[in-house]
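To keep things clear, I will list the structure first and then write my remarks on it.
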Amino acid sequence: MIPLEEARDYVLRRCEGPASVVVPLADARGLVLAESVDSPEHVPPFANTAMDGFAVRAVDTVGAPVTLDLVGTVAAGVDPVTTGTEVGPGDAVRIMTGAPMPPGADAVVMVELAEVSPDGVAVTVGVEVSAGNHVRAAGEDLMTGDRVFDTGTVLGPGHLGVLASIGVVTVHVRPRLRVGVLSTGDELREGSAALAPGQIRDANRPALLGLLDELGAEGVDLGHVADDEAAIEAALVNGVARCDALLTSGGVSMGDFDYVKVVLDRIGDMRWMQVAIKPAKPLAFGLVDGMPVFGLPGNPVSSMVSFELFARPALRSMAGHRDLDRRRVRAEVVGGLGRHPDGKVHFARVVAEIVDGRFRVRSAGGQGSHQLTAMAAADGLAILPDGDGVADGDQVEVLLLG
Ligand code: AMP
Ligand code: MG
């Protein structure tokens with residue numbers, strides 16, 4: 001057996017992502033910027049009002065209440081210079097949120113603090129305001145030439161908004177990965193039809209495709225193949241041609257019909273690892289035509305945990321992320337998490353809650369590698385070092401999922 005870190009480093013060192021591409025901004029959420037972005041313009045582009053109210057000269061409000069001549073209106077989207085709207089001494093202009101400040105005005109009095117005369121020709125301002133009151137200066141968010149985002153920035157919803165605000169319509173990013181998912185095993189069936197004796201349903205493909213979706217990768221469903229060398233080879237070759245990485249599950253253990261191993265050894269440069277962890281001890285990883293292939297174990301919990309520990313960080317790295325790992329927290333164990341010494345680090349499926357700002361975890365249910373319901377319920381994987389487990393009330397380190 002090799003330590004988890006050694007297996008992980010081996011995998012990460014061999015995963016190289018595809019070259020950067022240009023995509024429309026609308027398709028870029030979750031992707032990583034492959035270039036830095038500088039602002040070509042000011043945001044906001046012009047001084048404007050933050051409130052509905054009246055644009056005034058601040059000096060005219062000294063000694064308020066004061067009554068000013070109401071000489072015009074500026075709506076959002078209107079240029080007061082074009083309409084000839086100006087604020088001279090003793091004047092006020094009705095102004096709507098987002099509208100440009102008319103020439104002459106340097107402050108805004110909010111509508112709630114002013115009263116228009118019944119004939120509509122004057123407004124009485126009830127407060128003294130200082131210059132700049134409720135005015136948003138040009139460039140207050142970004143100035144022309146400002147560095148907006150560095151290379152490596154992960155584009156979230158706010159980033160898309162900022163880029164749109166400076167007129168960016170396409171971005172240079174690391175592409176969304178296409179990752180093929182293949183299930184193997186004579187016993188596997190999908191759908192709802194009755195199972196013949198010895199058959200089970202394919203749980204791994206939907207689970208792995210779901211993990212890819214959560215990761216922001218595009219999962220490519222390569223279906224399920226029987227334990228047959230030719231069928232496995234055809235499916236793998238098809239996957240390699242269409243994807244940036246491949247995940248297979250099953251067929252990498254010590255069984256007589258574990259042909260994934262045989263085929264990958266023939267067509268790829270694979271390493272077969274026994275990692276000192278439970279679940280997910282067997283891991284096949286290698287390159288087929290330079291493309292990373294993860295041979296994940298067949299047991300459903302093992303395949304998901306193996307994805308978490310190896311495939312997820314590797315795929316994130318291939319997609320240009322610098323931050324590869326799930327968050328780790330310390331948590332108090334409720335009810336204990338038992339185990340026996342076996343030279344491995346155990347990853348127990350736990351549900352987490354936050355009590356008084358502190359994490360607390362308890363077992364999510366049956367901890368067998370075939371018991372997928374506990375994995376489904378889990379918020380985290382508690383890391384149990386080799387030994388006898390963690391007692392009730394003791395602290396444990398937890399990898400938070402999702
Ligand atoms: P294997 O690694 O092929 O020996 O499979 C290990 C265990 O995982 C066996 O009990 C298989 O039946 C089960 N298994 C393999 N693939 C899947 C799958 N896609 N869905 C559910 N169980 C599976
Ligand atoms: Mg099998």
Side-chain angles (χ1 to χ4, degrees), residues 1 7 11 179-214 219-236 238-239 243 245-268 270-286 293-312 344 346-347 349 364-378:
M1 288 194 296
V11 169
V179 183
V181 180
L182 178 70
S183 292
T184 69
D186 283 341
E187 72 279 33
L188 300 182
R189 293 293 177 273
E190 63 184 301
S192 59
L195 296 174
Q199 296 179 341
I200 60 165
R201 302 187 201 280
D202 181 357
N204 294 355
R205 222 164 1 120
L208 292 169
L209 288 166
L211 285 167
L212 289 169
D213 189 48
E214 188 194 63
V220 178
D221 188 347
L222 299 175
H224 126 252
V225 289
D227 290 314
D228 172 272
E229 262 194 73
I232 292 170
E233 177 162 355
L236 288 172
N238 167 42
C243 302
L246 276 195
L247 309 174
T248 69
S249 69
V252 298
S253 318
M254 302 297 187
D256 287 347
F257 306 105
D258 287 338
Y259 291 124
V260 175
K261 216 167 168 164
V262 177
V263 173
L264 283 175
D265 259 338
R266 183 148 44 76
I267 67 172
M270 302 300 292
R271 178 170 172 194
W272 304 90
M273 293 173 261
Q274 298 291 318
V275 190
I277 55 174
K278 184 180 177 178
K281 183 172 77 157
L283 171 69
F285 173 79
V293 177
F294 296 82
L296 307 179
N299 277 303
V301 177
S302 306
S303 69
M304 289 187 74
V305 170
S306 194
F307 179 95
E308 283 295 335
L309 299 179
F310 303 109
R312 188 176 185 280
K344 300 180 205 164
H346 289 202
F347 289 86
R349 278 68 74 200
Q367 296 288 329
S369 61
H370 58 300
Q371 291 174 301
L372 197 48
T373 52
M375 186 71 193

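As the structure lists them, so they are numbered: ligands from 1, and atoms in each ligand from 1.
Contacts with ligand 1 closer than 4.0 Å are made by no heavy atom of H224, backbone or side chain.
With values rounded to the nearest 0.5 angstrom, M375 atom CE is found 10.0 Å from S302 atom OG. Rounding to the nearest 0.5 angstrom, the gap separating the CG atom in L211 from the CG atom in L247 is 9.0 Å. Separating the CD atom in E190 from the CD1 atom in I200 is a distance of 12.5 Å, to the nearest 0.5 Å.
In this structure, atom 10 (O) of ligand 1 lies nearest to the protein heavy atom N299 OD1, 4.0 Å. Given atom 1 (P) of ligand 1, the protein heavy atom at minimum distance is G251 N, 3.6 Å. The protein atom (non-hydrogen) at minimum distance from atom 19 (N) of ligand 1 is D202 OD1, 2.8 Å. The protein heavy-atom contact nearest to atom 4 (O) of ligand 1 is S253 OG, 3.7 Å. In terms of protein heavy-atom proximity, atom 22 (N) of ligand 1 is nearest to I200 CD1, 3.3 Å. Nearest protein neighbour of atom 23 (C) of ligand 1, counting heavy atoms only, is G298 O, 3.3 Å. Scanning all protein heavy atoms for the shortest distance to atom 20 (N) of ligand 1 gives A203 N, 3.0 Å.
Among the candidates L182, D227, D265, T184, the single residue satisfying the side-chain contact (heavy atoms from CB on, under 4.5 Å) test with V260 is T184.
Distances from atom 18 (C) of ligand 1 to the heavy atoms of D256, L296, D227, N204 show the closest one on N204.
The contact set between ligand 1 and E187, taken as ligand atoms under 4.0 Å from a residue heavy atom, comprises 11 (C), 12 (O). Each of the following atoms of ligand 1 lies closer than 4.0 Å to a heavy atom of R201: 20 (N), 21 (C). Taking every non-hydrogen atom of P300 and a distance limit under 4.0 Å, the qualifying atoms of ligand 1 come out as 21 (C), 22 (N).
Between D202 and R205 there is a salt bridge, with a side-chain nitrogen of the basic residue lying less than 4.0 Å from a carboxylate oxygen of the acidic one.
The closest donor-acceptor contact from the side chain of R312 to the backbone of V305 lies at 3.5 Å or more, if one exists at all.
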List the atom pairs, donor and acceptor, that lie under 3.5 Å between side-chain atoms in residues 248-256 and the rest of the protein, sequence neighbours left out.
from : atom 1 : to   : atom 2 : distance (Å)
S249 : OG     : N204 : ND2    : 3.1

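Residues forming a ring pair (Phe, Tyr, Trp, His ring centres under 6.0 Å) with F307 (at least two apart in sequence, or on another chain): none.
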